[in-house]
Amino acid sequence: MDRKELIALREQVENRDQKEERIVQKLDPFMNGNVGIYYPINGEVNCFDDFKRYKNLYLPITQENGKMDFYQFTGKLYKGKFNCLEPSNKKKIDPLDLDVIIVPMIGFYKMHRLGYGKGYYDRYLKQTKAIKIGVAFDCQKLDHMDIKKTDVPMDLIITESKTIWK
């Protein structure tokens with residue numbers, strides 16, 4: 001399956017609310033310290049709505065140069081350069097100051113994630129010592145994936161039915 005097919009599959013997940021609730025319950029114990037999270041697009045697991053009241057939450061902002069940084073979420077979002085919702089606050093956090101990063105996935109194989117292919121997360125994850133938690137639905141599990149040396153493995157992956165540890 002290519003990325004477009006995987007995104008379409010993810011967008012059509014049945015019983016989404018119940019599955020996301022199970023993922024959020026498993027994720028909750030890890031929500032400590034400074035947490036990087038994402039605002040969901042294209043059918044990504046929505047854990048943002050359940051944790052948006054968390055006081056030390058940081059959201060990514062991507063730039064055209066392939067760089068991404070996380071900025072503190074203070075309750076307001078606006079539409080950014082790539083039509084993604086971004087935090088209005090421009091207080092950037094140093095990658096080494098994040099304790100946990102919740103990472104979206106198009107698919108996953110073992111501890112590796114398939115993203116959109118631009119490498120934003122992989123470049124950022126190499127700079128941090130935060131716990132890297134990939135979140136996905138069971139249907140996003142792949143039987144095989146070409147793993148590049150630039151791919152950063154997750155420390156754990158949480159789906160609605162299981163938690164996979166490194």
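When reading the values below, keep in mind they use all heavy atoms of this one structure, side chains included, and skip hydrogens, waters and symmetry mates.
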Assess whether atom [atom1] of [X] is packed by more than 12 heavy atoms of other residues, nucleotides or ligands within 6.0 Å.
X      : atom1 : result
Lys4   : NZ    : no
Asp146 : CG    : no
Lys162 : NZ    : yes
Lys126 : NZ    : yes
Lys19  : NZ    : yes
Asn65  : CG    : yes
Glu14  : CD    : no

Rounded distance (nearest 0.5 Å) linking atom [atom1] of [X] with atom [atom2] of [Y]:
X      : Y      : atom1 : atom2 : result
Ser161 : Ile164 : OG    : CD1   : 8.0 Å
Met154 : Ile102 : CE    : CD1   : 10.5 Å
Arg10  : Met105 : CZ    : CE    : 9.5 Å
Phe137 : Gln140 : CZ    : CD    : 6.5 Å
Lys52  : Asn46  : NZ    : CG    : 8.5 Å
Ile106 : Arg113 : CD1   : CZ    : 8.0 Å

Donor-acceptor contacts, no H, no angles, side chain residues 27-36, under 3.5 Å, sequence neighbours left out:
unit_1 : atom_1 : unit_2 : atom_2 : d
Asn32  : ND2    : Pro29  : O      : 2.9
Asn34  : ND2    : Asp97  : O      : 2.9

Q.
Under the rule for ring pair (Phe, Tyr, Trp, His ring centres under 6.0 Å), what residues qualify as partners of Tyr124, not counting sequence neighbours?
A.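 For Tyr124 the ring pair (Phe, Tyr, Trp, His ring centres under 6.0 Å) partners, ignoring immediate neighbours, are Phe70.
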
Q: Using the ring-ring contact (aromatic ring centres under 6.0 Å, His included) rule, pick out the option among Tyr38, Tyr58, Phe48 that qualifies with Phe73.
A: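 Considering Tyr38, Tyr58, Phe48, a ring-ring contact (aromatic ring centres under 6.0 Å, His included) with Phe73 is found only for Phe48.
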
Can you find a pair of side-chain heavy atoms, one from [X] and one from [Y], that are under 4.5 Å apart?
X      : Y      : result
Ile157 : Val135 : no
Asn89  : Tyr71  : no
Leu9   : Met1   : yes
Leu59  : Ile37  : yes
Pro87  : Thr74  : no
Lys67  : Thr62  : no

Provide the closest heavy-atom pair for [X] versus [Y] in the form atom of the first, atom of the second, distance.
X      : Y      : value
Leu156 : Met111 : CA-CE, 3.5 Å
Ala130 : Thr128 : N-OG1, 3.0 Å
Asp69  : Gln63  : OD2-OE1, 4.2 Å
Ala136 : Ile23  : O-CD1, 3.4 Å

(Q) Taking the cut-offs as 6.0 angstrom to the six-membered ring centre and 45 degrees off its axis, would you call Arg123 and Tyr120 a cation-pi pair? (A) yes

**Q.** CA sep, side-chain torsions, deciding dist, call: Leu114, Arg3, side-chain contact (heavy atoms from CB on, under 4.5 Å)
**A.** CA-CA 8 Å; Leu114 180 66; Arg3 283 182 169 90; 3.2 Å; yes

